[in-house]
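Structure first, then comments.
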Amino acid sequence: MPTKSTSYDVASLAGVSQSAVSRVFSPGKSASPKMRAKILAAAKELNYKPNAIAQSLSRGRTRILGLVITQYAQENYPLAVQAASDILVGSEDSILIQFVDRDTIGDPAIARLLDYRVDAIICTANLTRNAATACIEQNVPLVIINRHIDVEGVDHVSTDHFASTKDIARRLSLTGSQRTAFIGGMKDNWVSQTRCAGFQEGCRLADLPEPRVIFDCFDYKCGYDAALQLAPRLKTLDAMVCINDTVAAGLMDALRFELSISVPGDIQVVGQDALFVSSLRAYQITTTQHPVEEMLKAASALAIKRIENPHAKGASITINSELIIRNTALSQMAPA
(Lines give C-alpha, C1' and ligand atoms only; values in the text may rest on other atoms or scores of the structure.)
Protein backbone atom coordinates (compact mmCIF):
# COMPACT_ATOMS: atom_id res chain seq x y z
CA MET A 1 0.00 0.00 0.00
CA PRO A 2 1.60 3.29 -1.06
CA THR A 3 2.45 5.76 1.69
CA LYS A 4 1.01 9.24 1.68
CA SER A 5 3.28 12.07 0.70
CA THR A 6 4.24 14.50 3.46
CA SER A 7 5.02 18.20 3.48
CA TYR A 8 8.69 17.20 3.79
CA ASP A 9 8.44 15.24 0.51
CA VAL A 10 6.95 18.30 -1.19
CA ALA A 11 9.67 20.53 0.26
CA SER A 12 12.38 18.16 -0.98
CA LEU A 13 10.96 17.97 -4.52
CA ALA A 14 10.40 21.73 -4.72
CA GLY A 15 13.80 22.53 -3.22
CA VAL A 16 12.34 24.67 -0.42
CA SER A 17 11.99 24.41 3.35
CA GLN A 18 9.14 22.55 5.03
CA SER A 19 8.01 25.81 6.65
CA ALA A 20 7.59 27.31 3.17
CA VAL A 21 5.25 24.43 2.27
CA SER A 22 3.35 25.01 5.48
CA ARG A 23 2.90 28.71 4.66
CA VAL A 24 1.50 27.95 1.21
CA PHE A 25 -1.13 25.60 2.62
CA SER A 26 -2.05 27.74 5.64
CA PRO A 27 -4.82 30.32 5.06
CA GLY A 28 -3.63 33.87 5.54
CA LYS A 29 0.11 33.05 5.39
CA SER A 30 2.25 34.78 2.78
CA ALA A 31 4.49 33.29 0.08
CA SER A 32 5.91 34.72 -3.13
CA PRO A 33 4.07 33.83 -6.35
CA LYS A 34 7.15 32.01 -7.67
CA MET A 35 7.56 29.90 -4.53
CA ARG A 36 3.82 29.20 -4.36
CA ALA A 37 3.80 27.95 -7.98
CA LYS A 38 6.81 25.73 -7.37
CA ILE A 39 5.31 24.19 -4.22
CA LEU A 40 1.86 23.65 -5.75
CA ALA A 41 3.45 21.92 -8.77
CA ALA A 42 5.41 19.59 -6.49
CA ALA A 43 2.30 18.89 -4.40
CA LYS A 44 0.31 18.02 -7.52
CA GLU A 45 3.04 15.68 -8.75
CA LEU A 46 3.13 13.88 -5.39
CA ASN A 47 -0.68 13.97 -4.95
CA TYR A 48 -0.08 15.68 -1.61
CA LYS A 49 -2.97 16.84 0.52
CA PRO A 50 -2.35 18.80 3.73
CA ASN A 51 -3.34 17.23 7.05
CA ALA A 52 -6.68 18.74 8.11
CA ILE A 53 -5.98 18.30 11.83
CA ALA A 54 -2.61 19.99 11.60
CA GLN A 55 -4.15 22.85 9.65
CA SER A 56 -6.91 23.26 12.21
CA LEU A 57 -4.42 23.48 15.04
CA SER A 58 -2.44 26.15 13.23
CA ARG A 59 -5.48 28.36 12.67
CA GLY A 60 -7.06 27.79 16.10
CA ARG A 61 -10.27 26.19 14.74
CA THR A 62 -11.06 22.60 13.92
CA ARG A 63 -14.02 23.61 11.73
CA ILE A 64 -15.96 20.77 13.33
CA LEU A 65 -19.44 21.24 14.76
CA GLY A 66 -20.37 18.72 17.47
CA LEU A 67 -23.90 17.29 17.52
CA VAL A 68 -25.28 15.30 20.45
CA ILE A 69 -28.51 13.62 19.42
CA THR A 70 -30.70 11.13 21.27
CA GLN A 71 -31.53 7.79 19.71
CA TYR A 72 -35.20 8.75 20.02
CA ALA A 73 -34.70 11.87 17.92
CA GLN A 74 -32.56 9.99 15.40
CA GLU A 75 -35.17 7.24 14.98
CA ASN A 76 -38.13 9.56 14.62
CA TYR A 77 -36.57 12.46 12.73
CA PRO A 78 -34.41 10.90 10.01
CA LEU A 79 -33.77 14.30 8.40
CA ALA A 80 -32.49 15.92 11.60
CA VAL A 81 -28.80 15.44 10.85
CA GLN A 82 -29.31 16.53 7.24
CA ALA A 83 -30.95 19.70 8.51
CA ALA A 84 -27.93 20.55 10.63
CA SER A 85 -25.53 19.87 7.78
CA ASP A 86 -27.50 21.91 5.22
CA ILE A 87 -26.36 25.16 6.77
CA LEU A 88 -22.72 24.07 6.42
CA VAL A 89 -22.99 23.47 2.67
CA GLY A 90 -20.36 25.52 0.90
CA SER A 91 -18.24 25.99 4.00
CA GLU A 92 -15.25 24.01 5.24
CA ASP A 93 -17.11 22.88 8.38
CA SER A 94 -17.97 19.27 9.22
CA ILE A 95 -20.22 17.59 11.80
CA LEU A 96 -19.08 15.11 14.46
CA ILE A 97 -22.09 13.21 15.85
CA GLN A 98 -22.49 11.55 19.24
CA PHE A 99 -25.59 9.39 19.81
CA VAL A 100 -26.96 8.84 23.32
CA ASP A 101 -29.92 6.85 24.63
CA ARG A 102 -33.14 8.76 25.21
CA ASP A 103 -32.86 8.66 29.01
CA THR A 104 -29.06 8.97 29.21
CA ILE A 105 -27.40 12.15 30.45
CA GLY A 106 -25.34 13.60 27.61
CA ASP A 107 -22.35 14.68 29.74
CA PRO A 108 -19.94 11.95 28.50
CA ALA A 109 -20.76 12.84 24.88
CA ILE A 110 -20.06 16.50 25.62
CA ALA A 111 -16.72 15.56 27.21
CA ARG A 112 -15.71 13.54 24.11
CA LEU A 113 -16.57 16.42 21.80
CA LEU A 114 -14.57 18.83 23.94
CA ASP A 115 -11.60 16.42 23.70
CA TYR A 116 -11.90 16.64 19.90
CA ARG A 117 -11.74 20.44 20.24
CA VAL A 118 -14.93 21.06 18.28
CA ASP A 119 -15.78 24.68 17.57
CA ALA A 120 -19.35 24.46 18.91
CA ILE A 121 -21.85 21.89 20.18
CA ILE A 122 -25.56 21.43 19.46
CA CYS A 123 -27.27 19.14 21.97
CA THR A 124 -30.69 17.44 22.00
CA ALA A 125 -29.97 15.36 25.14
CA ASN A 126 -30.33 16.10 28.84
CA LEU A 127 -27.24 17.72 30.37
CA THR A 128 -26.09 18.68 33.85
CA ARG A 129 -25.00 22.21 34.69
CA ASN A 130 -21.43 20.89 35.02
CA ALA A 131 -21.31 19.80 31.36
CA ALA A 132 -22.80 23.08 30.15
CA THR A 133 -20.41 25.07 32.32
CA ALA A 134 -17.44 23.09 30.96
CA CYS A 135 -18.36 24.20 27.42
CA ILE A 136 -18.55 27.85 28.43
CA GLU A 137 -15.28 27.68 30.38
CA GLN A 138 -13.53 26.19 27.33
CA ASN A 139 -15.04 28.83 25.03
CA VAL A 140 -17.05 26.24 23.10
CA PRO A 141 -20.51 27.59 22.21
CA LEU A 142 -23.36 25.32 23.35
CA VAL A 143 -26.85 25.38 21.82
CA ILE A 144 -29.50 23.21 23.46
CA ILE A 145 -32.57 22.01 21.55
CA ASN A 146 -35.86 21.25 23.32
CA ARG A 147 -34.20 21.37 26.71
CA HIS A 148 -33.41 24.19 29.08
CA ILE A 149 -30.44 24.73 31.36
CA ASP A 150 -29.82 27.89 33.34
CA VAL A 151 -26.17 28.59 32.50
CA GLU A 152 -25.03 32.01 31.30
CA GLY A 153 -23.85 31.93 27.69
CA VAL A 154 -25.86 28.84 26.63
CA ASP A 155 -28.26 29.36 23.71
CA HIS A 156 -31.62 27.60 23.40
CA VAL A 157 -33.90 26.59 20.52
CA SER A 158 -37.31 24.96 21.01
CA THR A 159 -40.84 24.86 19.68
CA ASP A 160 -43.88 26.28 21.45
CA HIS A 161 -44.64 23.13 23.48
CA PHE A 162 -46.59 25.00 26.15
CA ALA A 163 -48.66 27.06 23.70
CA SER A 164 -49.42 24.10 21.43
CA THR A 165 -50.86 21.85 24.16
CA LYS A 166 -52.71 24.79 25.70
CA ASP A 167 -54.36 25.31 22.32
CA ILE A 168 -55.24 21.62 22.06
CA ALA A 169 -57.14 21.88 25.37
CA ARG A 170 -59.01 24.92 24.05
CA ARG A 171 -59.96 23.15 20.84
CA LEU A 172 -61.09 20.01 22.68
CA SER A 173 -63.36 22.12 24.88
CA LEU A 174 -64.96 23.59 21.76
CA THR A 175 -65.92 20.06 20.63
CA GLY A 176 -67.64 19.44 23.95
CA SER A 177 -64.88 17.43 25.62
CA GLN A 178 -64.89 17.86 29.36
CA ARG A 179 -62.97 15.03 30.99
CA THR A 180 -59.42 14.69 29.74
CA ALA A 181 -56.14 12.91 30.39
CA PHE A 182 -52.51 13.65 29.47
CA ILE A 183 -50.50 10.50 28.77
CA GLY A 184 -46.76 10.14 28.61
CA GLY A 185 -43.38 11.71 29.03
CA MET A 186 -40.79 11.46 31.78
CA LYS A 187 -41.33 13.46 34.95
CA ASP A 188 -37.85 14.98 34.77
CA ASN A 189 -38.00 15.71 31.02
CA TRP A 190 -38.35 19.39 30.11
CA VAL A 191 -40.48 18.77 27.02
CA SER A 192 -42.82 16.44 28.93
CA GLN A 193 -43.18 18.89 31.78
CA THR A 194 -43.78 21.83 29.45
CA ARG A 195 -46.34 20.04 27.27
CA CYS A 196 -48.21 18.75 30.31
CA ALA A 197 -48.17 22.18 31.98
CA GLY A 198 -49.49 23.77 28.77
CA PHE A 199 -52.35 21.28 28.59
CA GLN A 200 -53.22 21.80 32.26
CA GLU A 201 -53.24 25.56 31.77
CA GLY A 202 -55.43 25.19 28.67
CA CYS A 203 -57.92 23.09 30.62
CA ARG A 204 -58.00 25.68 33.39
CA LEU A 205 -58.61 28.55 30.96
CA ALA A 206 -61.38 26.56 29.25
CA ASP A 207 -63.01 25.79 32.62
CA LEU A 208 -62.37 22.08 32.19
CA PRO A 209 -61.64 19.84 35.18
CA GLU A 210 -57.99 19.16 35.99
CA PRO A 211 -56.78 16.48 33.53
CA ARG A 212 -55.67 13.09 34.76
CA VAL A 213 -51.90 12.73 34.18
CA ILE A 214 -49.83 9.57 33.63
CA PHE A 215 -46.08 10.11 33.34
CA ASP A 216 -43.16 7.76 32.51
CA CYS A 217 -44.56 6.68 29.16
CA PHE A 218 -42.71 7.20 25.87
CA ASP A 219 -43.30 4.20 23.61
CA TYR A 220 -46.00 2.03 22.04
CA LYS A 221 -46.15 -0.55 24.83
CA CYS A 222 -46.57 1.94 27.64
CA GLY A 223 -49.29 3.71 25.63
CA TYR A 224 -51.05 0.36 25.30
CA ASP A 225 -50.59 -0.35 29.01
CA ALA A 226 -51.80 3.15 29.96
CA ALA A 227 -55.15 2.47 28.28
CA LEU A 228 -55.52 -0.78 30.21
CA GLN A 229 -54.53 0.98 33.43
CA LEU A 230 -57.24 3.57 32.84
CA ALA A 231 -59.86 1.00 31.81
CA PRO A 232 -61.98 1.36 34.98
CA ARG A 233 -62.11 5.14 34.44
CA LEU A 234 -62.49 5.33 30.67
CA LYS A 235 -66.22 5.98 30.89
CA THR A 236 -65.35 9.19 32.73
CA LEU A 237 -62.96 10.37 29.96
CA ASP A 238 -63.75 11.79 26.55
CA ALA A 239 -60.33 13.03 25.34
CA MET A 240 -56.74 11.86 25.79
CA VAL A 241 -53.62 13.81 24.75
CA CYS A 242 -50.39 11.82 24.36
CA ILE A 243 -46.77 12.95 24.60
CA ASN A 244 -46.10 11.58 21.10
CA ASP A 245 -47.73 9.64 18.27
CA THR A 246 -46.13 6.31 19.19
CA VAL A 247 -47.79 6.44 22.61
CA ALA A 248 -51.05 7.47 20.91
CA ALA A 249 -50.87 4.47 18.55
CA GLY A 250 -50.39 2.06 21.46
CA LEU A 251 -53.21 3.73 23.36
CA MET A 252 -55.54 3.52 20.36
CA ASP A 253 -54.87 -0.18 19.76
CA ALA A 254 -55.67 -1.05 23.36
CA LEU A 255 -58.82 1.10 23.30
CA ARG A 256 -60.09 -0.40 20.06
CA PHE A 257 -59.02 -4.04 20.24
CA GLU A 258 -58.88 -4.78 23.97
CA LEU A 259 -61.59 -2.50 25.36
CA SER A 260 -63.92 -2.06 22.35
CA ILE A 261 -63.86 1.72 22.70
CA SER A 262 -64.36 3.82 19.57
CA VAL A 263 -61.85 6.52 18.59
CA PRO A 264 -62.98 9.26 18.22
CA GLY A 265 -66.61 8.24 18.83
CA ASP A 266 -66.16 7.48 22.53
CA ILE A 267 -62.79 9.09 23.21
CA GLN A 268 -60.80 11.60 21.15
CA VAL A 269 -57.04 10.91 20.95
CA VAL A 270 -54.36 13.50 20.12
CA GLY A 271 -50.70 12.66 19.50
CA GLN A 272 -47.68 14.91 19.03
CA ASP A 273 -44.58 15.19 16.81
CA ALA A 274 -46.19 14.18 13.48
CA LEU A 275 -44.29 10.90 13.39
CA PHE A 276 -44.71 8.54 10.43
CA VAL A 277 -47.06 6.28 12.38
CA SER A 278 -49.55 9.13 12.74
CA SER A 279 -50.15 9.23 8.99
CA LEU A 280 -50.76 5.49 8.55
CA ARG A 281 -54.24 4.57 7.38
CA ALA A 282 -54.81 2.40 10.47
CA TYR A 283 -54.32 5.39 12.78
CA GLN A 284 -54.70 8.81 11.08
CA ILE A 285 -53.82 10.54 14.35
CA THR A 286 -54.51 14.21 14.99
CA THR A 287 -51.08 15.52 15.96
CA THR A 288 -48.79 18.51 16.30
CA GLN A 289 -45.89 18.94 13.93
CA HIS A 290 -42.78 20.42 15.54
CA PRO A 291 -40.35 21.60 12.81
CA VAL A 292 -37.22 19.66 13.80
CA GLU A 293 -35.34 20.58 10.63
CA GLU A 294 -36.02 24.26 11.24
CA MET A 295 -34.85 23.92 14.85
CA LEU A 296 -31.59 22.24 13.81
CA LYS A 297 -30.93 24.93 11.22
CA ALA A 298 -31.65 27.69 13.75
CA ALA A 299 -29.34 26.01 16.27
CA SER A 300 -26.56 25.66 13.67
CA ALA A 301 -26.89 29.34 12.79
CA LEU A 302 -26.75 30.30 16.49
CA ALA A 303 -23.65 28.16 17.01
CA ILE A 304 -21.81 29.76 14.09
CA LYS A 305 -22.85 33.24 15.23
CA ARG A 306 -21.59 32.45 18.74
CA ILE A 307 -18.23 31.30 17.34
CA GLU A 308 -17.88 34.68 15.68
CA ASN A 309 -19.05 36.58 18.77
CA PRO A 310 -18.46 34.43 21.89
CA HIS A 311 -19.42 37.19 24.33
CA ALA A 312 -22.85 37.92 22.82
CA LYS A 313 -25.89 37.78 25.07
CA GLY A 314 -27.52 34.36 25.26
CA ALA A 315 -30.27 33.77 22.69
CA SER A 316 -33.50 31.82 23.02
CA ILE A 317 -35.49 31.02 19.88
CA THR A 318 -39.03 29.58 19.90
CA ILE A 319 -40.41 28.19 16.66
CA ASN A 320 -44.13 27.73 16.03
CA SER A 321 -45.61 24.25 15.64
CA GLU A 322 -48.59 23.24 13.50
CA LEU A 323 -51.68 21.24 14.44
CA ILE A 324 -52.55 18.55 11.89
CA ILE A 325 -56.20 17.52 12.23
CA ARG A 326 -56.91 13.95 11.16
CA ASN A 327 -59.50 11.35 12.17
CA THR A 328 -58.84 10.73 15.88
CA ALA A 329 -59.74 14.16 17.28
CA LEU A 330 -61.07 17.60 16.39
CA SER A 331 -62.08 16.38 12.92
CA GLN A 332 -65.59 17.73 13.48
CA MET A 333 -64.31 21.30 13.67
CA ALA A 334 -62.53 23.53 11.18
CA PRO A 335 -58.90 24.47 11.98
CA ALA A 336 -58.77 27.65 14.05
| message | Please evaluate residues T246 and D219 with respect to the criterion side chain to side chain donor-acceptor pair (under 3.5 Å), reporting the C-alpha separation (whole Å), side-chain torsions for both, the decisive distance (0.1 Å), and the verdict. | response | CA-CA 6 Å; T246 306; D219 58 22; over 6 Å; no
| field | Crowding at CD, Q138 (>12 non-hydrogen neighbours, <6.0 Å) | value |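 Counting neighbours around CD of Q138, more than 12 heavy atoms of other residues, nucleotides or ligands fall under 6.0 Å, so yes.
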Kindly give the heavy-atom pair with the smallest separation between [X] and [Y], and that separation in Å.
{"X": "G202", "Y": "K166", "result": "CA-CG, 3.5 Å"}
{"X": "C203", "Y": "P209", "result": "CB-O, 4.0 Å"}
{"X": "I285", "Y": "A249", "result": "CD1-N, 4.1 Å"}
{"X": "V140", "Y": "A120", "result": "CG1-CA, 3.8 Å"}
{"X": "C217", "Y": "I243", "result": "O-CG2, 3.5 Å"}
{"X": "I110", "Y": "A131", "result": "CG2-O, 4.1 Å"}

| said: Please report the interatomic distance CG(D107) to OG1(T128), rounded to the nearest 0.5 Å. | reply: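 If I round to the nearest 0.5 Å, the distance is 3.5 Å.
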| In Å, rounded to the nearest 0.5 Å, how long is the span from NZ of K235 to CD1 of I261? |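 The distance works out to 8.5 Å.
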Under 3.5 Å, is there a donor-acceptor pair between the side chain of [X] and the main chain of [Y]?
{"X": "Q272", "Y": "C242", "value": "yes"}
{"X": "T328", "Y": "V269", "value": "yes"}
{"X": "N189", "Y": "S192", "value": "yes"}
{"X": "Q284", "Y": "S279", "value": "yes"}
{"X": "D245", "Y": "A274", "value": "yes"}
{"X": "R326", "Y": "S278", "value": "yes"}
{"X": "R179", "Y": "D238", "value": "no"}
{"X": "T286", "Y": "A329", "value": "yes"}
{"X": "Q268", "Y": "L330", "value": "yes"}

| Parallel, tilted or perpendicular, as decided by the 30° and 60° cut-offs, for the rings of H148 and H156 |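 Judged by the thresholds at 30° and 60°, the geometry between H156 and H148 is parallel.
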Does a side-chain heavy-atom distance below 4.5 Å link [X] with [Y]?
{"X": "N146", "Y": "H161", "result": "yes"}
{"X": "I121", "Y": "P141", "result": "no"}
{"X": "Y224", "Y": "V247", "result": "no"}
{"X": "L323", "Y": "R171", "result": "yes"}
{"X": "M295", "Y": "T159", "result": "yes"}
{"X": "V10", "Y": "Y8", "result": "no"}
{"X": "T288", "Y": "I168", "result": "yes"}
{"X": "T70", "Y": "F99", "result": "no"}

| Should D160 and T318 be marked as a side chain to side chain donor-acceptor pair (under 3.5 Å) after you check the CA-CA gap, both sets of side-chain angles, and the distance that decides it? | CA-CA 6 Å; D160 55 347; T318 301; over 6 Å; no
| field | E201/R204 ion pair, N-O < 4.0 Å | value |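 The answer is yes: the pair qualifies as a salt bridge.
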| field | Basic-acidic side-chain contact under 4.0 Å: D167, R170 | value |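 Judged by the 4.0 Å cut-off on N to carboxylate O distance, D167 and R170 do form a salt bridge.
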| said: Does C196 form a side-chain contact (heavy atoms from CB on, under 4.5 Å) with T165? I'd like the steps, not just the answer. | reply: CA-CA 7 Å; C196 183; T165 49; over 6 Å; no
| request: Go through the steps for Q229 and I214 under the test side-chain contact (heavy atoms from CB on, under 4.5 Å), then give the verdict. | output: CA-CA 10 Å; Q229 178 185 336; I214 295 179; 4.0 Å; yes
| query | Where do I145 and L296 land on the side-chain contact (heavy atoms from CB on, under 4.5 Å) test, with the steps shown first? | reply | CA-CA 8 Å; I145 295 179; L296 265 294; 3.9 Å; yes
Taking atom types as modelled, find out whether [X] and [Y] have a side-chain donor-acceptor pair closer than 3.5 angstrom.
{"X": "R147", "Y": "T124", "answer": "no"}
{"X": "D9", "Y": "T6", "answer": "yes"}
{"X": "N327", "Y": "Y283", "answer": "no"}

| task | Evaluate salt bridge (Lys or Arg N to Asp or Glu O under 4.0 Å) for D273 paired with R195, printing each intermediate quantity in order. | result | CA-CA 12 Å; D273 295 337; R195 289 180 178 179; 2.8 Å; yes
